[in-house]
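Input: a single structure, listed below in structure tokens.
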Amino acid sequence: ATDKYMEAFSLVKQNFQVTFRSLFTEDDDCDLILLDEENPLDSKIEIIAKPKGKRPKSLSQLSGGEKTLTATALLFSLYLLKPAPFCILDEVDAPLDDRNVAKFTNLIRTFSDNSQFIIITHNKATMKEVDVLYGVYMQEIGVSEMSAVDFRDKKDENIYEAIVN
Amino acid sequence: ATDKYMEAFSLVKQNFQVTFRSLFTEDDDCDLILLDEENPLDSKIEIIAKPKGKRPKSLSQLSGGEKTLTATALLFSLYLLKPAPFCILDEVDAPLDDRNVAKFTNLIRTFSDNSQFIIITHNKATMKEVDVLYGVYMQEIGVSEMSAVDFRDKKDENIYEAIVN
Amino acid sequence: MRLKSLEIRGFKSFANKTIIHFNEPMIGIVGPNGSGKSNIVDSIRWVLGEQKSKELRLESMGDVIFNGTKNRKKGGMAQVTLSFENTRNILPTEYQEVAISRILYRSGESEYRLNDVKCRLKDITNLFMDSGIGSNSYAIIELGMVDDILADKDNARRKMFEQAA
Amino acid sequence: MRLKSLEIRGFKSFANKTIIHFNEPMIGIVGPNGSGKSNIVDSIRWVLGEQKSKELRLESMGDVIFNGTKNRKKGGMAQVTLSFENTRNILPTEYQEVAISRILYRSGESEYRLNDVKCRLKDITNLFMDSGIGSNSYAIIELGMVDDILADKDNARRKMFEQAA
Ligand SMILES: Nc1ncnc2c1ncn2[C@@H]1O[C@H](COP(=O)(O)OP(=O)(O)OP(=O)(O)O)[C@@H](O)[C@H]1O
Ligand SMILES: Nc1ncnc2c1ncn2[C@@H]1O[C@H](COP(=O)(O)OP(=O)(O)OP(=O)(O)O)[C@@H](O)[C@H]1O
Ligand SMILES: [Mg+2]
Ligand SMILES: [Mg+2]
């Protein structure tokens, strides 16, 4: 069991270094460390993230968006170990600026050969990147309904207004 | 001390009912309840929020954005007790849809006669509502700088790109 | 294995029968706060066997049934059906298409079905054992999980590694 | 009482001297993830006397000093000055303009100043006692506080009521 865990840990670590660099830049460093190497199955796991030549002493010194990107890179690294047929992301892009939203959706695009991604979002930049948009709304108070939005022929402002108003 | 607390509590409750209705609608209900009325100073406080004719059994049944609006209404209600000369909001609008962002900024506009509001945001709808925008960026790696953005004469996309690229 | 469709009826705010088809790699779901987007995520967790009402934002499991509004009385049951195309024969079954359903009646009676034939939850979890899907796999990523990874709350990181390994 | 300006030098990522002027009711601060926006909020908390390094996202108070990058060595001190116009004579002082400064040297020596005259933190907190500002007043609202109100973590609601009352 320990060997299986150590093997998975080392694969996730490799994935993490690749994924982190695609969300940050190729010059950025990160690492995953087992704090208690004698007892890997019970050990706490430390995350080291050093974006853009900065020298943060710990994760807590990173900004809100940098932390989200780092945690997302780790979650994707776990996912890559055994890609599930589908993956749901619920408003994970909320703390990201537009440039990081683009990196985020581009990364998902590379994974989408193997899995379907369902992305819930309020972010217009994300809405532009997906293949189809489903709008959820309540025509009657308290009752949800959905309809597909084909936006290839609408202007951006109109998609959202079409759904939310 | 108990009287002072009870008086403040009842004022905050009134503020909450008004503020909640300006963030939701005039037909929505909310309440603040002291769970242990015998010992107000040690009592837990319960928040009741019933938006849009729904019947949620507790706060946890509300959506992400509805919870944020409810908590924000309560924070503003406490603020109204003794309005501080300035108020800083750090990305509080992240979980809100565009219509709720507009309600949020309109409410702040009404308070801004008495206090200055500094609003940190990634949200373009919020950026359109403020009186001036300051852009923060790192020209040199790891070193922050700021400059005012006068966007009255720029197109929307250009403001953000001017700052973030 | 690809998702084919999701049918929700009587589950939380989806009082009416609602169907989503999944034909694209990247699917966006948008809509105002409180419209029902996260409820869709809950319905997928639920149909895959989630037992913890807390994970579904409920006080008790019965709360998944549409609980009525001032204009419509509460529902008598909740039903969710998730259909997959068994491409690449990831699922060890002779069917080309697999539909799993979960039904809960207000009486408390509940039922699972595999291609419309009653079965036990165990039959469904056995079916999905090696495919990376289950109600607690990494197929679902929300901001709450990002926070748990960052804070390492209750050894969240180690638990996620164990599940993935 | 109105804010006049904020000057940050050597504080966190603001290695260079940076000045923001506050002339409008609603001021927006925008910029990419990690550019330094929340650091501005930290600098205002700090100059108003915040003693808890955790509230400033630090492991120890010395971490407020610019800690260098691969291209620039670390700073020797951090200094923040916040200036107010004493309109409506809310502050019990004969000055029309009040500037409070806080300085921390890498040696650990620290200093507070009121209109450029050395003073104790106590002098500053006494000055602001009734104006609703202090490092723990409701002048600052971030998403973290919204979460604390919703979860009522460690009786957060009761504590906020006590402070406001
Ligand atoms: N059993 C139920 N019956 C009817 N309505 C319900 C039930 N359970 C939850 N709801 C309602 O569903 C709504 C929440 O929907 P949901 O969390 O899916 O919103 P959302 O679209 O994700 O919004 P946000 O953008 O704010 O995250 C709440 O307003 C809640 O009252
Ligand atoms: N003492 C310090 N010296 C140098 N840089 C520091 C110091 N403390 C923090 N930083 C850096 O400041 C950056 C964080 O800035 P901040 O939290 O203000 O970002 P932000 O603009 O709020 O971003 P976001 O939009 O993601 O919330 C981090 O990258 C961190 O490494
Ligand atoms: Mg939601
Ligand atoms: Mg920030």
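The basis for the numbers below is simple: all heavy atoms, side chains too, and nothing from hydrogens, waters or symmetry mates. Below, chains carry the letters A, B, ... as their sequence lines are ordered, and counting in each starts from 1.
- Interface check for chain C: of the options L11(A), D113(A), T70(A), D42(A), the most heavy-atom pairs under 4.5 Å are formed by D42(A).
- Chain A forms the most heavy-atom pairs under 4.5 Å with one residue out of G34(C), A151(C), P25(C), A15(C), and that residue is P25(C).
- Side chain to side chain, N39(C) and R57(C) meet the donor-acceptor criterion of an N or O pair below 3.5 Å.
- Aromatic ring centroids of F117(A) and F86(A) lie 6.0 Å or more apart.
- The contact between S38(C) and chain A is made by backbone and side chain atoms together, counting heavy-atom distances below 4.5 Å.
- The main-chain N or O of G64(A) is found under 3.5 Å from a side-chain atom of T68(A) such that the two form a donor-acceptor pair.
- For a residue to count as touching a neighbouring chain, one of its non-hydrogen atoms must lie under 4.5 Å from one of that chain's; by this rule T69(C) touches chain A with the side chain only.
- Contacts with chain A were tallied for K17(C), K37(C), K12(C); K37(C) has the most, counting heavy-atom pairs under 4.5 Å.
- In this structure a side-chain-to-backbone donor-acceptor pair under 3.5 Å is present from Q17(A) to C30(A).
- Counting only heavy atoms from C-beta outward, the side chains of R102(C) and Q79(C) never approach each other to under 4.5 Å.
- A distance-only check finds a donor-acceptor pair linking the side chain of R157(C) to the backbone of I45(A) [under 3.5 Å].
- With a threshold of 4.5 angstrom between heavy atoms, F111(A) does not approach chain C through any atom at all.
- Using a 4.5 Å cut-off between heavy atoms, V92(A) contacts chain C through both its backbone and its side chain.
- At least one donor-acceptor pair closer than 3.5 Å links the side chain of K159(C) to the backbone N or O of D154(C).
- Residue L81(A) touches chain C through its side chain alone, counting heavy-atom pairs closer than 4.5 Å.
- Only the side chain of L59(A) comes within contact range of chain C, with heavy atoms under 4.5 Å apart.
- In terms of heavy-atom pairs under 4.5 Å with chain A, the best-connected choice from N71(C), D148(C), D147(C), N33(C) is N33(C).
- By number of non-hydrogen pairs under 4.5 angstrom with chain C, the leading residue of K44(A), E91(A), E145(A) is K44(A).
- Using a 4.5 Å cut-off between heavy atoms, T126(A) does not touch chain C at all.
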- Task: Decide salt bridge (charged side-chain N to carboxylate O under 4.0 Å, His left out) for K124(A) and D98(A); before the verdict, give the C-alpha distance in whole Å, the side-chain angles of both, and the deciding distance to 0.1 Å.
- Result: CA-CA 9 Å; K124(A) 304 240 170 43; D98(A) 285 358; over 6 Å; no

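- In this structure, CD1 in I44(C) is found 5.0 Å from CG in L6(C), a value given to the nearest 0.5 Å.
- Between chain C and the options S43(A), S60(A), A8(A), S144(A), the largest number of non-hydrogen pairs under 4.5 Å is found for S144(A).
- Looking at E140(A), the atoms closer than 4.5 Å to chain C (heavy atoms on both sides) all sit in the side chain, from C-beta outward.
- The contact between I40(C) and chain A is made entirely by side chain atoms (from C-beta outward), counting heavy-atom distances below 4.5 Å.
- Between F9(A) and Y5(A), the angle of the ring planes stays under 30°, which puts this pair in the parallel group of the 30/60° scheme.
- Between chain C and the residues L34(A), D93(A), N123(A), L89(A), the largest count of heavy-atom pairs under 4.5 Å involves L89(A).
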